[in-house]
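Structure, as structure tokens:
It should be emphasised that the depicted structure is a prediction, and the values quoted were computed from it without experimental measurement. For ligands, and for the atoms within them, numbers begin at 1 and follow the listed sequence.
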Amino acid sequence: MSIKVNYEQLRDGLEGKGVTLVAVSKTKPLEMLREAYDAGARDFGENKVQELVGKHEELPQDIRWHMIGHLQRNKVKYIAPFVHLIHSVDSLALLKEVNKRAANNERVINVLLQVHIAEEETKFGLTPDELKELIASEEFAAFANVKVVGLMGMATNTGDEEKVRTEFSALRKFFDEMKSKEQPGKFEMDELSMGMSGDWGIAVEEGSTMIRVGSSIFGARNYNI
Ligand SMILES: *Cc1c(COP(=O)(O)O)cnc(C)c1O
């Protein structure tokens with residue numbers, strides 16, 4: 001299968017569903033991203049700042065770059081001039097840094113708050129209570145250059161589909177609950193980023209608006225090279 005065919009099949013399968021397909025290109029070389037771009041992909045996701053910056057410099061400027069991986073505060077400045085959406089904001093301190101760097105660049109950066117829904121301790125994210133506390137804080141109220149546009153979550157990495165469905169369904173419920181707490185221009189529940197190669201079908205059934213798909217487009221990753 002070619003990248004073009006993989007990408008087109010996914011895109012066609014999502015047609016009319018209102019779901020954005022983010023092509024997760026981490027570890028993949030530029031020529032593979034160009035192939036996806038030529039097939040029509042404009043949303044690309046990376047999980048490492050250095051790689052994201054490097055690819056942004058080399059590829060067409062109409063690409064919307066998504067930061068999907070855990071983000072360290074000291075690296076926000078490198079992506080602040082151009083990043084389209086940060087999916088992985090999981091603390092007030094990180095949000096504060098994004099706000100500051102966005103202000104330096106005279107822009108507003110859109111972010112998603114990552115919610116911890118999986119069983120694994122290793123996955124990042126806020127608990128629902130922490131998230132509610134964050135958006136109700138005075139500090140958050142003062143951020144003028146960052147806008148929360150939705151939530152992101154990763155399900156447990158398991159073959160147990162019912163478990164995955166339960167986790168996605170719970171996140172969608174929380175997303176809908178948070179709509180009642182919207183603060184226009186500041187905290188809006190427009191996007192729910194959930195679903196990857198192994199579970200995006202379930203995620204879409206459970207109300208995802210944005211899926212992050214890597215290996216089903218580009219093939220398996222080899223971290224040893
Ligand atoms: C790598 C990654 C993906 C894509 O994973 P695949 O299983 O290859 O589709 C999605 N989301 C995040 C946060 C990732 O790090």
Check each atom of ligand 1 against the heavy atoms of [X] and keep those under 4.0 Å away; list them by number with element.
X	result
Gly214	4 (C), 6 (P), 8 (O), 9 (O)
Val213	9 (O)
Arg212	4 (C), 9 (O), 10 (C), 11 (N), 12 (C), 13 (C)
Ser197	6 (P), 7 (O), 8 (O), 9 (O)

Going by the salt bridge (Lys or Arg N to Asp or Glu O under 4.0 Å) test, which pairs reach into residues 184-202, not counting sequence neighbours?
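Every pair satisfying salt bridge (Lys or Arg N to Asp or Glu O under 4.0 Å) with a residue in residues 184-202: Lys147-Glu188.
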Look at Lys26 together with Glu51 and state whether they make a salt bridge at an N to O cut-off of under 4.0 Å.
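Salt bridge flag = no for Glu51 with Lys26.
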Can you find an N or O of Ser215 that's nearer than 3.5 Å to an N or O of ligand 1?
yes
If hydrogens are left out, which of Glu46, Met67, Lys26 has an atom nearest to atom 3 (C) of ligand 1, that is, the closest non-hydrogen atom?
Lys26
Hey, does the Lys NZ or Arg CZ of Arg42 hover above the aromatic six-ring of Tyr37, less than 6.0 Å from the centre and inside 45° of the axis?
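Yes, a cation-pi geometry holds between Arg42 and Tyr37.
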Applying side chain to side chain contact (heavy atoms under 4.5 Å, CB included) between Asn145 and each of Asn105, Val98, Asn99, report the one that passes.
Asn99
Please determine whether any non-hydrogen atom of Arg221 lies less than 4.0 Å from an atom of ligand 1.
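The answer is yes: ligand 1 sits under 4.0 Å from a heavy atom of Arg221.
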May I ask you to check whether Ser193 and Arg212 show a side-chain donor-acceptor distance below 3.5 Å?
yes
Mind jotting down which residue pairs meet the ring pair (Phe, Tyr, Trp, His ring centres under 6.0 Å) criterion with at least one end in residues 169-218? Sequence neighbours excluded, please.
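Those involving residues 169-218 do not exist here.
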